[in-house]
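Everything on this sheet refers to the single structure shown next.
Computed over heavy atoms, backbone and side chain alike; hydrogens, waters and symmetry mates excluded. Residue numbers run from 1 in the order of the sequence given. Remember, it's 1-based here, ligands and their atoms both numbered in the order they're listed. Not measured: the values here are computed from a predicted model.
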Amino acid sequence: MIDVIDLHKSYGKVEVLKGITVSIKKGEKIAIIGPSGSGKSTFLRCLNCLEDPTSGSIIFEGVDIADMRVDINIHRRHMGMVFQQFNLFNNKTVLENIMLAPVHIGISELRKKKVRNFFIKIGNLFAKNKKPLYEINTTPAKIKAEARDNAMRLLKRIGLEDKANVYPSTLSGGQKQRIAIIRALAMNPKVMLFDEPTSALDPEMVKEVLELIRQVAEEGMTMVIVTHEMGFAREVATRVLFMDEGKILEEGTPEEIFTNPKHPRTREFLSKVL
Ligand code: ATP
Ligand code: MG
């Protein structure tokens, strides 16, 4: 699903990613562990092109999304991202937060089709072989209603339907993060990227967030999770990558990495965090 080939990223003279090559298959749950500053967040941000790689390729479903010429917005839609700091819009209600992107994309696609149809119609006036028009079977109102239904269904799923019309500032950290997760799910992503989704939470809220991520994993979602929750990585991940100084030093099943790490740096790291 995603093939990362010799990915490099520098900020000025500082090389943060020094050649990452990894292949992520559909349905895999990849946990990325490693010391602070090793480049884990930078790697995730490159994966969905929040950062432009300095060199290398990221082939997502056959398209090199590191190539400047591709329309990254189309691909980014298929990647849900959840950050440490929730990143909800505080001036919008919970429901608006979840509906925003699906409505925006639905309506902009509808507009594009209308514009294309306009030009096809003009072309058809002069052409012998008339081109077919794009079928349009929706309206902005329909798009909004569907996004609302979907958002409410997702809110019910996490037991927060009564919070639909409140603002994020009134919610606990755990509630905010679960809403950030379903907001990403509302886009029907093909892969979910999590960057330390529980690091900013009070301990008593970590469990509810991990539980939701675990459920999403069980439903078959492809996932990449940067985490310091070693117990969780061990339970949920199908593969663990250990990153240090901009490289993947070791990878393997959770069993291999946690019980029999080969690289001395992995051993040293695990001895500190386990
Ligand atoms: P942590 O576990 O603390 O989150 P990390 O593994 O996620 O660490 P990154 O955030 O990817 O590490 O950072 C890797 C290195 O890149 C760090 O040395 C950091 O200072 C540097 N870095 C990250 N973003 C930038 C930036 N925008 N400009 C310059 N340097 C940056
Ligand atoms: Mg980080």
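- Between Leu100 and His104, every side-chain heavy-atom pair lies at or beyond the 4.5 Å cut-off.
- Every residue two or more places apart in sequence or in another chain that forms a side chain to side chain contact (heavy atoms under 4.5 Å, CB included) with Thr198 is listed here: Leu201, Val206, Val209, Leu210, Glu229.
- The shell of residues lying under 4.0 angstrom from ligand 1, judged by heavy atoms, excludes Glu51.
- In the model, Thr21 has no side-chain atom that pairs as donor or acceptor with a side-chain atom of Asp6 under 3.5 Å.
- Contact analysis leaves Gly34 out of contact with ligand 1, as no non-hydrogen atom separation drops below 4.0 angstrom.
- Salt-bridge formation is detected for the pair Glu208/Arg178: a Lys NZ or Arg NE/NH1/NH2 atom is positioned less than 4.0 Å from an Asp or Glu carboxylate oxygen.
- Closest protein heavy atom to atom 15 (C) of ligand 1: Val16 CG1, 3.6 Å.
- No option in Glu28, Glu255, Glu250 other than Glu28 meets the salt bridge (charged side-chain N to carboxylate O under 4.0 Å, His left out) test with Arg239.
- Counting only heavy atoms, the protein never gets under 4.0 Å from atom 20 (O) of ligand 1.
- Not close to ligand 1: Gly246, with no non-hydrogen atom less than 4.0 angstrom away.
- In Glu196, the part holding a heavy atom less than 4.0 Å from any atom of ligand 1 is the side chain.
- For the Mg ion (ligand 2), protein N/O/S neighbours under 2.8 Å (waters excluded) are Ser41 OG.
- A salt bridge is absent between Glu245 and Arg265; no separation between the charged side-chain nitrogens and carboxylate oxygens falls under 4.0 Å.
- Taking the charged nitrogens against the carboxylate oxygens, Glu109 and Lys113 have no contact shorter than 4.0 Å, which rules out a salt bridge.
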